[in-house]
Amino acid sequence: MAHKLYIGTNTKMYKGISETCAYLSALGELTADIDRNECEIFVIPSFTTLESAYRQAQKAQVRLGGQNMGWEAAGQYTGEISPLMLREVGVEIVQIGHSERRQVFYEDDEMENRKVLCALQHGFTALLCIGETEKQKNFSLSGEVLRTQLKVGLQGVEPQDICRLWIAYEPVWAIGVNGKPAGKEYASQMHLLIRKTLEELFGRQAAKQIPILYGGSVNRQNADDLICMPDIDGLFIGRSAWDAEPFSEIIHHVLPHFQKCK
Ligand code: PGA
């Protein structure tokens, strides 16, 4: 298991350039006391903000991510953003397969797999998001769904790239304003299943190194409990992290809990 805490946010289709920069700058100030060797803080803002956000993120010691990426370096792919373009603006992390990409834009596991491989080949950290829908959960298919998303999504990942692979478990029913957070026991059960599947794919030692983050209605109230569960290495937060102050509060509360129980 990773012994560094991973905590970050995806700001979705909110926040333009000035808002993102102000947010990063405030977050940097509020978390200046946090040792980045102990806690990796990352922010994934919208594409149009990235060039301006880069300098702020550097100053704030926040790692910057892109919310999506095309799977070719260049070509006839209107509307897509290539790995070279993301590289140009200083992005380090690429988020792949967020449930909104899968549900609203019909991305499937094979597409996510192409993106994962392409992101890794271009030197990015690939953050693959997986999660079952409510219907799948009700049919007791969560395990099957997560295993498929991992086995297809990570097909062909080379051993030397595993150190740049992160997984976010985000049950679809837990995400967003209508979501209800997963209970800590359930989340931990799914994280264990994910870890076992990673072991199957990459071997025990390698699987241990891959951070598995929980996401879906994480907030100040449930963050401490979630982070103390086995196999939960970090938190991937939406709404509760979109203002720097409450996000910093969550980080400051979660880190000592994490250090005590891991
Ligand atoms: P939420 O979003 O924390 O607002 O539920 C999580 C996500 O979409 O990753």
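For ligands, and for the atoms within them, numbers begin at 1 and follow the listed sequence. Counting from 1, the numbers follow the sequence of the chain as shown.
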Visitor: Think Lys4 forms a cation-pi with Phe258, using NZ or CZ under 6.0 Å from the six-ring centre and within 45 degrees of its axis?
Guide: no

Visitor: Just checking Trp166 against Phe236, ring centres under 6.0 Å apart?
Guide: no

Visitor: With sequence neighbours left out, what residues match Tyr14 under side chain to side chain contact (heavy atoms under 4.5 Å, CB included)?
Guide: Lys12, Trp242

Visitor: According to side chain to side chain donor-acceptor pair (under 3.5 Å), does anything in residues 71-91 pair up with another residue at least two apart or in another chain? List the pairs.
Guide: none

Visitor: Hey, which of Gln61, Arg36, His252 is the one that makes side chain to side chain donor-acceptor pair (under 3.5 Å) with Thr31?
Guide: Arg36

Visitor: Which residues pass the side chain to side chain contact (heavy atoms under 4.5 Å, CB included) test with Thr148, sequence neighbours left out?
Guide: Asp109, Val152

Visitor: Give me the pairs of N or O atoms, one from ligand 1 and one from the protein, that sit under 3.5 Å apart.
Guide:
| unit_1 | atom_1 | unit_2 | atom_2 | d |
| --- | --- | --- | --- | --- |
| ligand 1 | 3 (O) | Ser217 | N | 3.4 |
| ligand 1 | 3 (O) | Gly238 | N | 2.9 |
| ligand 1 | 4 (O) | Arg239 | N | 3.0 |
| ligand 1 | 4 (O) | Arg239 | NE | 2.6 |
| ligand 1 | 4 (O) | Arg239 | NH2 | 3.3 |
| ligand 1 | 5 (O) | Gly176 | N | 2.8 |
| ligand 1 | 5 (O) | Ser217 | N | 2.8 |
| ligand 1 | 5 (O) | Arg239 | NH2 | 3.0 |
| ligand 1 | 8 (O) | Lys12 | NZ | 2.7 |
| ligand 1 | 8 (O) | His98 | NE2 | 2.8 |
| ligand 1 | 9 (O) | His98 | NE2 | 3.3 |
| ligand 1 | 9 (O) | Glu170 | OE1 | 3.2 |
| ligand 1 | 9 (O) | Glu170 | OE2 | 2.6 |

